[in-house]
Amino acid sequence: MSETETTGASYAAAGVDIEAGDRAVELMKEWVKKTQRPEVLGGLGGFAGLFDASALKRYERPLLASATDGVGTKVDIARQMGVYDTIGHDLVAMVMDDIVVCGAEPLFMTDYICVGKVHPERVAAIVKGIAEGCVLAGCALVGGETAEHPGLLGPDDFDVAGAGTGVVEADRLLGADRIRAGDVVIAMASSGLHSNGYSLVRHVLFDRAGMRLEQRVEEFGRTLGEELLEPTRIYSLDCLALTRTTEVHAFSHITGGGLAANLARVIPDGLHAAVDRSTWTPGAVFDLVGTAGRVERLELEKTLNMGVGMMAVVPAESVDVALTTLADRGVDAWVAGEITERGEHPTGATLTGDYAA
């Protein structure tokens, strides 16, 4: 019998390194601390994150909003690139930009990081990105879990997920019931692909076109890998700024399913959102995916954001203030469409015309 067979089994022998996990926690503490809000009690390391709910007493009727998400197969790009401190921005955006859609202020978030083997510096880098994203969203990172799954994941494989909570005053809840015919649809530019559709993107660019992550693409002015890892824009504080400066009826976070399908989720029965493609030009990465994979436009549009990461539906008289507010915050935004009576339109939102050259 081998020496391994004659000695007692252990967690370490099974592939789980508790000491490495403890080291990862120590490395991430400084980043988590940067996200703290005054309502957060205690520090990292407890069994549960604590948030002082007495802060909600200032609300007449507080509604809690909750969301959970991951970042999909974009994590494989991060793994191949060996860049771990940006994927957390994507995670926060996917969670908190869903929460702000109803007008809720992000309060706190927890994360879950699953790895094949704990590399403390890598885990800390992932948490660093999550913490930076939380700062951009205005929420606290109150806790999380790092799980080591040897035998199920390879030593360098990982995945991330998160859950978040926000709050909104009941009479300020945004959504379909506020939208009226004559409202205007404002588009906010995305930072790129964001964190959706990467299964299609990877298939097209790597399997079909044979491109490499280190390959420089002139249209991007950087490598393919750098473009694909561009963090998802976090709109939470921008959207909240809009609600404070002017009247907003609804937001729509453009994620999986594309622009029309996500916008339709906030359009009430009897009304229709017509979005004009000619009001913007999608970034070069969308053209590359479409051309390299000979992907039809409708297929691209139901998979990718096509250059729009968030949309706001506002009354016509709010448009100027909304655009000025967003411009002052560095958000590229424009009038992209309008709300009309549904008529014979079979769906709540459609794209019309052709993209600007």
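Only a predicted model underlies this, so the values are computations on that prediction, with no experimental measurement involved. Heavy-atom basis, side chains included; hydrogens, waters and symmetry copies ignored.
Side chain of Q215 to main chain of R212: a donor-acceptor pair is present (N/O by atom type, distance under 3.5 Å, no hydrogens or angles). Between the side chain of S252 and the backbone N or O of M311, no donor-acceptor pair lies under 3.5 Å. Looking only at distances, a side-chain donor or acceptor of R216 sits under 3.5 Å from a matching main-chain atom of G221. Using a distance-only test at 3.5 Å, with no hydrogens or angles considered, no donor-acceptor pair links the side chain of R294 to the main chain of T291. A donor-acceptor pair under 3.5 Å is formed between the side chain of W280 and the backbone N or O of M306. Checked by atom type and distance alone, the side chain of T246 never pairs as donor or acceptor with a backbone atom of L242 at under 3.5 Å. For the pair D183 (side chain) and R180 (backbone), a donor-acceptor distance under 3.5 Å is present.
Looking at D156 and V115, their side chains never come closer than 4.5 Å, going by heavy atoms from C-beta outward. Under the 4.5 Å side-chain criterion, counting only non-hydrogen atoms from C-beta, L213 is not in contact with E226. Side-chain contact between L224 and L205 is present, with at least one heavy-atom pair separated by less than 4.5 Å. Annotation: side chain of E296 is not in contact with side chain of L300 (no heavy-atom distance under 4.5 Å). Within the 4.5 Å cutoff, the side chain of R233 has heavy atoms near those of the D238 side chain. At a threshold of 4.5 Å between non-hydrogen side-chain atoms, the residues V204 and M211 do not count as touching. The shortest side-chain heavy-atom distance between L228 and L193 falls under the 4.5 Å cut-off. Side-chain contact between Y235 and V101: absent, with no pair of heavy atoms (C-beta onward) separated by less than 4.5 Å.
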* When you look at T110 and V142, which way does the side-chain contact (heavy atoms from CB on, under 4.5 Å) test go after all the steps? -> CA-CA 6 Å; T110 58; V142 297; 3.8 Å; yes
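The two residues C114 and H149 come nearest to each other via the heavy atoms SG-ND1, 3.1 Å. Minimum heavy-atom separation, V168 to G103: CG2-O, 3.6 Å. Shortest non-hydrogen contact noted between R178 and H249 is O-ND1, 3.3 Å. The nearest pair of heavy atoms linking I234 to A93 is CG1-CB, 3.7 Å.
A chain of hydrophobic side-chain contacts below 4.5 Å, direct or via other Ile, Leu, Val, Met, Phe, Trp or Tyr residues, connects L351 to V313. One hydrophobic cluster holds both L304 and V308 under the rule that ILVMFWY side chains link at heavy-atom gaps under 4.5 Å. Hydrophobic clustering (side-chain heavy atoms under 4.5 Å, transitive across Ile, Leu, Val, Met, Phe, Trp, Tyr) groups V201 together with V217. There is a path of hydrophobic side-chain contacts, each under 4.5 Å, that joins F220 to I77. Cluster annotation: F286 and W334 are assigned to the same hydrophobic cluster (Ile/Leu/Val/Met/Phe/Trp/Tyr, side-chain heavy-atom contacts under 4.5 Å, transitive).
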Ignoring hydrogens and angles, write down the donor-acceptor pairs under 3.5 Å from the side chains of residues 261-273, residues two or more places apart or on other chains.
unit_1	atom_1	unit_2	atom_2	d
N262	OD1	R265	NH1	3.0
N262	ND2	T255	O	3.3
N262	ND2	G256	O	3.2
N262	ND2	G258	O	2.7
H272	NE2	T350	OG1	2.9

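Among residues at least two apart or in separate chains, salt bridge (Lys or Arg N to Asp or Glu O under 4.0 Å) pairs with a member in residues 342-357 are R297-D354. Sorted by first and then second residue, the salt bridge (Lys or Arg N to Asp or Glu O under 4.0 Å) pairs involving residues 60-82 (not counting sequence neighbours) are K74-D90, D76-R79, D76-R202, R79-D157.
Atom-to-atom distance recorded for I130:CD1 and L141:CG is 6.5 Å, nearest 0.5 angstrom.
Looking only at atom types and distance, the side chain of T232 has no donor-acceptor partner in the side chain of S195 under 3.5 Å away. Judged purely by distance below 3.5 Å, without hydrogens or angles, the side chains of E121 and H119 never pair a donor atom with an acceptor atom.
Aromatic pair Y84/F158: ring centres closer than 6.0 Å.
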